[in-house]
Colleague: 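Handing you this structure, nothing more for now.
All values derive from a computational prediction rather than experimental measurement. Atoms considered below: every heavy atom in the structure, side chains included; atoms not considered: hydrogens, waters and symmetry mates. Residue numbering restarts at 1 for every chain, and letters A, B, ... go by the order of the sequence lines.
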2 protein chains.
Amino acid sequence: MTRGVRKGLSKEVILKAAFKIVESGGVETLSMRRLGSELGVAAMAIYNHFPDREQLLDAMAESALAEITPDEQKGNWKKQVTNVARSVANLSIEKPAVFALCMSRPTKPKAAVVLMSKVLEALRQGGLSDKEALACYHSVLILLHGFPFWQAGLTKYCAASPDSIATADLSEQEKRDWKLLHTVDPAKQFEASLALLLDGY
Amino acid sequence: MTRGVRKGLSKEVILKAAFKIVESGGVETLSMRRLGSELGVAAMAIYNHFPDREQLLDAMAESALAEITPDEQKGNWKKQVTNVARSVANLSIEKPAVFALCMSRPTKPKAAVVLMSKVLEALRQGGLSDKEALACYHSVLILLHGFPFWQAGLTKYCAASPDSIATADLSEQEKRDWKLLHTVDPAKQFEASLALLLDGY
DNA sequence: ACCTGAACACCGTTCAAGT
DNA sequence: ACCTGAACACCGTTCAAGT
């Protein structure tokens with residue numbers, strides 16, 4: 001291979017390939033070397049566009065959250081908040097590994113701020129006090145952070161055999177409960193949890 | 001070093017050292033080699049007690065959750081559920097990295113089942129229908145999964161300078177909101193979110 | 001500016017060898 | 001059964017070299 005030849009690499013192209021890898025195998029399968037080979041490029045070429053792996057992951061979170069564009073806000077404030085939260089949760093359903101990546105990064109992307117202000121605006125429109133709005137906003141946020149990890153645990157056991165190994169030394173009651181718990185539809189459960197939160201006001 | 005000499009290694013001793021590392025630096029700093037040197041032992045010695053790193057992490061989650069022993073159940077069902085959930089959330093406040101590890105493992109430990117049945121029992125006592133109990137249980141579970149990750153984002157920005165870099169190109173309103181959002185007490189916010197969920201019934 | 005290979009300091013894990 | 005070092009196939013990242 002000749003050196004110093006332009007390969008048309010760019011942030012966008014790299015991010016696209018990175019998403020492909022994460023979507024199919026999770027963050028832990030995304031290595032600089034693998035990403036490089038996916039792009040037909042030496043691993044080190046990536047460092048011309050991102051300073052290190054951590055910042056590449058941050059850029060992925062930024063990019064993924066920026067893609068979330070809720071529908072035009074309409075209806076009462078609860079519907080507006082639900083609308084935003086649902087569009088975020090949708091990412092978790094469509095691309096669980098990508099969303100888990102977003103939620104596990106303590107560095108919150110700028111894109112999160114525009115979603116934040118959308119929700120806060122709705123809460124103020126709803127006439128909530130500052131204190132109430134704060135509590136409500138964070139409640140929704142905790143729910144969103146938990147969703148991908150809760151979902152992962154759920155699908156893990158649903159993928160396993162109906163009578164999983166883990167249920168070996170459980171009482172009959174516990175076994176029935178265990179099975180019952182794994183009959184949930186993630187999207188519906190999220191909506192239900194969210195409604196529960198918002199109906200407090 | 002002479003070979004084949006017993007070093008008094010055991011699951012308990014290894015787990016203890018592993019917790020120490022994770023508590024101080026997070027899961028990503030826990031390597032078999034580092035764990036070995038912490039124990040004064042070759043990395044490979046650990047493989048006599050745990051098949052691989054993944055199962056060591058699972059054992060840590062199991063062990064950490066088994067330590068959670070809620071007070072004796074008393075009061076109405078909401079207080080009972082709050083009681084269990086609070087004792088779980090406490091772990092996140094005392095050892096955030098350990099709890100994040102627990103919640104990020106899709107393989108749920110057996111120890112989780114005893115907590116599950118405690119909550120379900122309370123919900124049934126409260127006279128909730130199967131459908132309601134299911135939704136309520138999962139709502140609490142999503143909240144618990146989200147708590148450590150939400151908390152990590154919060155403390156990250158509170159540790160940073162009051163006027164963080166991230167707030168560079170925000171409107172004045174957004175800046176004020178951003179600051180306001182980071183004045184929350186994690187434990188209180190969790191209680192508030194939980195109460196919001198349970199008061200739906 | 002952008003890409004390369006070699007090199008360094010790490011990983012997890014296998015395997016043959018020791019007691 | 002329990003522990004060891006050497007080895008293998010990986011990592012992220014630095015650095016000097018190429019265009």
Colleague: Defining pairs by Watson-Crick or G-U wobble geometry with both distances under 3.5 Å, how would you list the stems of DNA chain D with at least three pairs each?
Modeller: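 Output for stems: C:4-8 with D:12-16, C:12-16 with D:4-8.
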Colleague: Pairs under 3.5 angstrom only: tabulate donor-acceptor contacts from the side chains of residues 193-201 of chain A to other protein residues two or more places apart or in another chain.
Modeller:
| unit_1 | atom_1 | unit_2 | atom_2 | d |
| --- | --- | --- | --- | --- |
| A/Ser193 | OG | A/Gln189 | O | 3.0 |
| A/Ser193 | OG | A/Gln189 | NE2 | 3.0 |
| A/Ser193 | OG | B/Ser139 | OG | 2.7 |

Colleague: Which donor-acceptor pairs under 3.5 Å do the side chains of residues 141-150 of chain B make with protein atoms, sequence neighbours left out?
Modeller:
| unit_1 | atom_1 | unit_2 | atom_2 | d |
| --- | --- | --- | --- | --- |
| B/His145 | ND1 | B/Leu141 | O | 2.8 |
| B/His145 | NE2 | B/Lys108 | NZ | 3.2 |
| B/Trp150 | NE1 | A/His138 | ND1 | 3.0 |

Colleague: Among residues 25-56 of chain A, which residues get a heavy atom nearer than 4.0 Å to DNA chain C?
Modeller: A/Arg33, A/Val41, A/Ala42, A/Met44, A/Ala45, A/Asn48, A/His49
Colleague: Using a strict cut-off of less than 4.0 Å between a Lys/Arg side-chain nitrogen and an Asp/Glu carboxylate oxygen, indicate whether B/Arg53 and B/Asp58 qualify as a salt bridge.
Modeller: no
Colleague: Tell me, please, which residues at least two apart from B/Ser117 pass side chain to side chain contact (heavy atoms under 4.5 Å, CB included).
Modeller: A/Glu174
Colleague: In chain order, what residues pass the side chain to side chain contact (heavy atoms under 4.5 Å, CB included) check against B/Ser63, with sequence neighbours excluded?
Modeller: B/Leu15, B/Phe19
Colleague: Would A/Lys79 and A/Asp71 satisfy salt bridge (Lys or Arg N to Asp or Glu O under 4.0 Å), going step by step from the backbone distance to the final call?
Modeller: CA-CA 11 Å; A/Lys79 282 191 180 161; A/Asp71 303 337; over 6 Å; no
Colleague: For the pair B/Glu62 and B/Lys110, find out whether any cationic side-chain nitrogen is under 4.0 Å from an anionic carboxylate oxygen.
Modeller: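 The answer is no: the pair does not qualify as a salt bridge.
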